[in-house]
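Since the structure is predicted, the reported quantities are computational estimates derived from the model, not experimental observations. Atoms considered below: every heavy atom in the structure, side chains included; atoms not considered: hydrogens, waters and symmetry mates.
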Amino acid sequence: MQRCPTPTMPFQVATFNAGLAVGVLPYATERVPRVVEALAALDVDLLFVQEFWLDAHWDLLRRALASRLPHALRPEPVHPAAPAACSAGQVRPLVACAEAKCAGLSDEALARCVVQHCASTALTLPTPCLNCIASHPVGTIHEVVGRCVGEPTASAASPTAPSSRFGGLIAYGGSFGTGLLARTPLEDLGVLVFESTVNARGALHARVAAPGIGDLHVFAVHLSPGGAEQPPQLERLLAWVDEKAGGAPALLLGDLNTTPGSSLFRRLERAGFRDADVPDRRGTFSHDGLGTGDVDDTGWRLDHVLLRGLDTGLHTTRILDEPVTIEAAGRPVRTTLSDHFGVLATIGHG
């Protein structure tokens, strides 16, 4: 494999899983402004974000970064939720449960309460109806289900899954939750869709002209968290890397949901990808941060920036790991920006 000469100017990239899973992770709605503010303060050439599931959250980020990172790639949902997917009779038991168990709640608090207390009721709904409700869990229970009630079309009325790739429930309207933002134009854009369940998973590709480096093929990915889905996703990704980049310099970044030393990470190394020269070995996934705001150096290192085919320095450090105070339910809460921390990489130093 031909290697490019050492660049003279550093190229800075960052990856961050924001954990904005409304109804699943705590304080998702309340954390959004702080997450966007923190990302807007980064001075990077390329940024890859994960778990920006809702369009409204992505739009806030795009506006905040428009002047610094004006070029963006966000994949279209794999299967947008069908409108008018539910009948009034179908949603009545769910509304009754939410009114009994989650009275007076809306937005984030309602979504978490419904998941906790009414999941069994929700799972009896026809798949298109459930997917419509799960596509935009914002507002009161009547507002959430009201977006989905009407005269279903023939396809929406079917209780079968809309795509064999994704089983039954498709969270957040089939959103991948990912987005790539860059200072310079993104060329040769591509999206690879993986087999997955519940959440759509895939990879993004773009070719960028990196100062001091030249053309760099960027592969940004959020793999499924372990299990049987992950190994075939990685194999498809590596085949795609070879197809799109060949022997040209390639950058792989994102939440790979695998740790250094694992069999999957070793597979990446056999494919030619390398970790930083002296990587920041602190964990990037926190079990307790969102609940307590406590931050330490332990935890799994799941988030990575890896390089292939470029003979130059690569330095990484953990970022976006400071505790923050937000307002939730009318009181101050100490938490972290996400259940993940970010990774900042400098390519071409030293």
Side-chain angles (χ1 to χ4, degrees), residues 15-39 49-58 60-61 94 97-123 130 133-141 143-144 169 171-173 175-179 198-199 222 224-226 255 257 282-300 302-303 318-342:
T15 178
F16 183 56
N17 180 332
L20 299 179
V22 176
V24 178
L25 293 177
Y27 315 124
T29 302
E30 294 87 348
R31 286 185 284 111
V32 171
R34 300 300 297 273
V35 167
V36 170
E37 177 185 33
L39 291 173
V49 294
Q50 304 100 66
E51 297 205 18
F52 269 78
W53 299 109
L54 302 186
D55 286 344
H57 296 167
W58 169 254
L60 287 172
L61 182 67
L94 179 61
C97 179
E99 289 180 332
K101 303 290 187 179
C102 313
L105 299 181
S106 62
D107 300 325
E108 171 69 24
L110 172 67
R112 287 183 59 80
C113 180
V114 168
V115 169
Q116 181 178 0
H117 296 289
C118 305
S120 59
T121 302
L123 290 173
L130 178 60
I133 291 172
S135 69
H136 191 60
V138 176
T140 66
I141 186 61
E143 291 169 338
V144 172
L169 172 64
Y172 307 115
S175 168
F176 288 87
T178 57
V198 182
N199 293 120
H222 186 191
S224 291
D255 178 2
N257 267 312
R282 292 178 294 173
T284 62
F285 175 78
S286 169
H287 291 282
D288 304 317
L290 286 178
T292 65
D294 295 334
V295 176
D296 58 32
D297 294 345
T298 63
W300 297 322
L302 303 178
D303 305 84
R318 192 177 80 177
I319 59 172
L320 304 175
D321 56 358
E322 295 294 325
V324 296
T325 299
I326 60 172
E327 187 83 7
R331 62 184 179 87
V333 173
R334 188 174 185 266
T335 183
T336 48
L337 290 174
S338 173
D339 59 340
H340 285 250
F341 305 129

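- If you take CD on Glu51 and CH2 on Trp53, they are separated by 5.0 Å, rounding to the nearest 0.5 Å.
- Interatomic distance, CG of Leu110 versus CD1 of Ile141, reported as 5.0 Å (0.5 Å rounding).
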- For the pair Thr15 and Gln50, evaluate side-chain contact (heavy atoms from CB on, under 4.5 Å) and give the outcome as yes or no after the intermediate values. CA-CA 8 Å; Thr15 178; Gln50 304 100 66; 3.0 Å; yes
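- Asp303 and Arg318 are not joined by a salt bridge, as no carboxylate oxygen comes within less than 4.0 angstrom of a charged side-chain nitrogen.
- In terms of modelled atom types and a separation under 3.5 Å, the side chain of Arg31 and the main chain of Ile326 share no donor-acceptor contact.
- Residues passing the side-chain hydrogen bond (donor to acceptor under 3.5 Å, both in side chains) test with His222, sequence neighbours excluded: Arg201, Asp255.
- Considering NE2 of His287 and CG of Asp296, their distance stands at 10.0 Å, rounded to 0.5 Å.
- Qualifying side-chain hydrogen bond (donor to acceptor under 3.5 Å, both in side chains) partners for Glu322, counting only residues two or more places apart in sequence or in other chains: none.
- Scanning both residues, Gly342 and Leu320, for their nearest heavy atoms gives N-CB, 4.1 Å.
- Side-chain atoms of Thr336 come within 3.5 Å of backbone atoms of Ser338 as a donor-acceptor pair (strictly under, hydrogens ignored).
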- Item | CA sep, side-chain torsions, deciding dist, call: Ile133, Leu94, side-chain contact (heavy atoms from CB on, under 4.5 Å) | CA-CA 11 Å; Ile133 291 172; Leu94 179 61; 4.0 Å; yes
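- When every heavy atom of His340 is checked against every heavy atom of Phe285, the shortest pair comes out as NE2-CD1, 3.5 Å.
- Panel note: side chain Asp107, backbone Val138; no donor-acceptor pair is recorded below 3.5 Å.
- To the nearest 0.5 Å, atoms CZ (Arg334) and CG (Leu290) are separated by 12.5 Å.
- A side-chain donor-acceptor contact under 3.5 Å links Thr284 to the backbone of Leu302.
- Of all heavy-atom pairs between Ala38 and Leu337, the closest is CB-CD1, 3.7 Å.
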- Item | Candidate pair Leu39 and Phe52, rule side-chain contact (heavy atoms from CB on, under 4.5 Å), full reasoning | CA-CA 12 Å; Leu39 291 173; Phe52 269 78; 3.9 Å; yes
Under 3.5 Å donor-acceptor pairs involving side-chain atoms of residues 112-120, not counting sequence neighbours:
unit_1: Arg112; atom_1: NH1; unit_2: Val24; atom_2: O; d: 2.8

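- Closest approach of Ser286 and Asp294 over heavy atoms only: OG-O, 4.4 Å.
- A distance of 12.0 Å separates CG in Leu20 from CH2 in Trp58, rounded to the nearest 0.5 Å.
- In this structure the side chain of Asp321 reaches within 4.5 angstrom of the side chain of Arg282, judged on heavy atoms.
- Contact record, Ile319 with Phe341: O-CB, 3.6 Å, taken as the closest heavy-atom pair.
- Residues Val22 and His57 meet the side-chain proximity criterion, which asks for heavy atoms closer than 4.5 Å.
- Closest of all the heavy-atom pairs between Ala171 and Asn199 is CB-ND2, 3.4 Å.
- A distance of 10.5 Å separates CG of Asn17 from OG1 of Thr178, quoted to the nearest 0.5 Å.
- Looking only at distances, no side-chain donor or acceptor of Ser135 sits under 3.5 Å from a matching main-chain atom of Gly173.
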